[in-house]
Amino acid sequence: MKPNTVMRHALWTIGPDPDRDPPTMHTVCRECGEKSPVGTDREVSDLWALEHSGRTGHRRYHECVSVDLITRPAREEAAR
Ligand SMILES: [Zn+2]
């Protein structure tokens, strides 16, 4: 930051990007680290975890969901 930089307080918001692709998800086994395929259908990752449990006896999972977000000035959001 240069000594002559002007800063002002501005309210910004963050939320889902209206132009986003569908959220993607996958499941990770917390016991061995194996991962389900990445996709947009929760049923696929849930089924993967159930089948993984059946094969390995592992029962703890971490679900990872990815959603595109966008930030914008609050006044811009209010104008929408
Ligand atoms: Zn596992």
Side-chain angles (χ1 to χ4, degrees):
M1 185 170 5
K2 297 182 285 188
N4 62 351
T5 300
V6 176
M7 297 182 71
R8 67 180 172 100
H9 179 77
L11 187 60
W12 280 60
T13 63
I14 186 168
D17 185 340
D19 299 326
R20 68 187 181 274
D21 292 327
T24 59
M25 61 196 71
H26 69 279
T27 301
V28 180
C29 175
R30 292 177 57 192
E31 298 182 46
C32 72
E34 193 172 329
K35 297 175 184 172
S36 74
V38 176
T40 57
D41 186 351
R42 165 162 281 131
E43 209 172 296
V44 171
S45 60
D46 286 352
L47 184 59
W48 175 88
L50 292 168
E51 290 172 349
H52 185 79
S53 288
R55 276 190 293 111
T56 63
H58 299 164
R59 301 174 79 180
R60 296 194 182 281
Y61 296 89
H62 185 80
E63 181 179 66
C64 303
V65 178
S66 176
V67 179
D68 294 333
L69 302 176
I70 187 169
T71 60
R72 62 182 77 174
R75 61 178 158 30
E76 186 178 303
E77 179 71 21
R80 292 176 21 133

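When reading the values below, keep in mind they use all heavy atoms of this one structure, side chains included, and skip hydrogens, waters and symmetry mates.
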Peer 1: Return yes if some donor-acceptor pair links the side-chain N/O of Glu34 with the main-chain N/O of Val28 below 3.5 Å, else return no.
Peer 2: no

Peer 1: Once rounded to the nearest 0.5 Å, what's the spacing between atom NE2 of His26 and atom NE2 of His62?
Peer 2: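 Going from the NE2 atom of His26 to the NE2 atom of His62 covers 7.5 Å.
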
Peer 1: Tell me whether the count of non-hydrogen atoms from other residues, nucleotides or ligands lying under 6.0 Å of CZ in Arg30 goes above 12.
Peer 2: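 Open.
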
Peer 1: With a 4.5 Å heavy-atom cut-off, do Thr24 and Thr40 have their side chains touching?
Peer 2: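 A side-chain contact under 4.5 Å exists here.
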
Peer 1: Give a yes or no on whether Arg60 atom CZ has more than 12 heavy-atom contacts from other residues, nucleotides or ligands under 6.0 Å away.
Peer 2: no

Peer 1: Out of curiosity, Asp68 CG to Ile70 CD1, how far, rounded to the nearest 0.5 Å?
Peer 2: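 Nearest 0.5 Å value for the CG-CD1 distance: 10.0 Å.
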
Peer 1: Does the side chain of Ser45 come under 3.5 Å of the side chain of Tyr61 through a donor N or O and an acceptor N or O?
Peer 2: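 The answer is no; no qualifying pair exists.
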
Peer 1: Any side-chain heavy atom of Thr56 within less than 4.5 Å of one from Cys29?
Peer 2: no

Peer 1: Stepwise, does the side chain to side chain contact (heavy atoms under 4.5 Å, CB included) test hold for Met25 with Ser36?
Peer 2: CA-CA 9 Å; Met25 61 196 71; Ser36 74; over 6 Å; no

Peer 1: Tell me whether Thr71 contacts the main-chain N or O of Ile14 through its side chain, where contact means a donor paired with an acceptor under 3.5 Å.
Peer 2: no

Peer 1: Take His52 and Thr27 through the test side chain to side chain contact (heavy atoms under 4.5 Å, CB included) and record every step on the way to the result.
Peer 2: CA-CA 11 Å; His52 185 79; Thr27 301; over 6 Å; no

Peer 1: Please give me the minimum heavy-atom distance between Trp48 and Arg55, naming the atom from each residue.
Peer 2: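 Closest approach of Trp48 to Arg55, heavy atoms only: NE1-NH2, 4.5 Å.
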
Peer 1: Nearest 0.5 Å, what's the NE2-OG distance between His58 and Ser53?
Peer 2: 9.0 Å

Peer 1: Salt bridge check, Glu31 against Arg59: does any charged N sit closer than 4.0 Å to a carboxylate O?
Peer 2: no

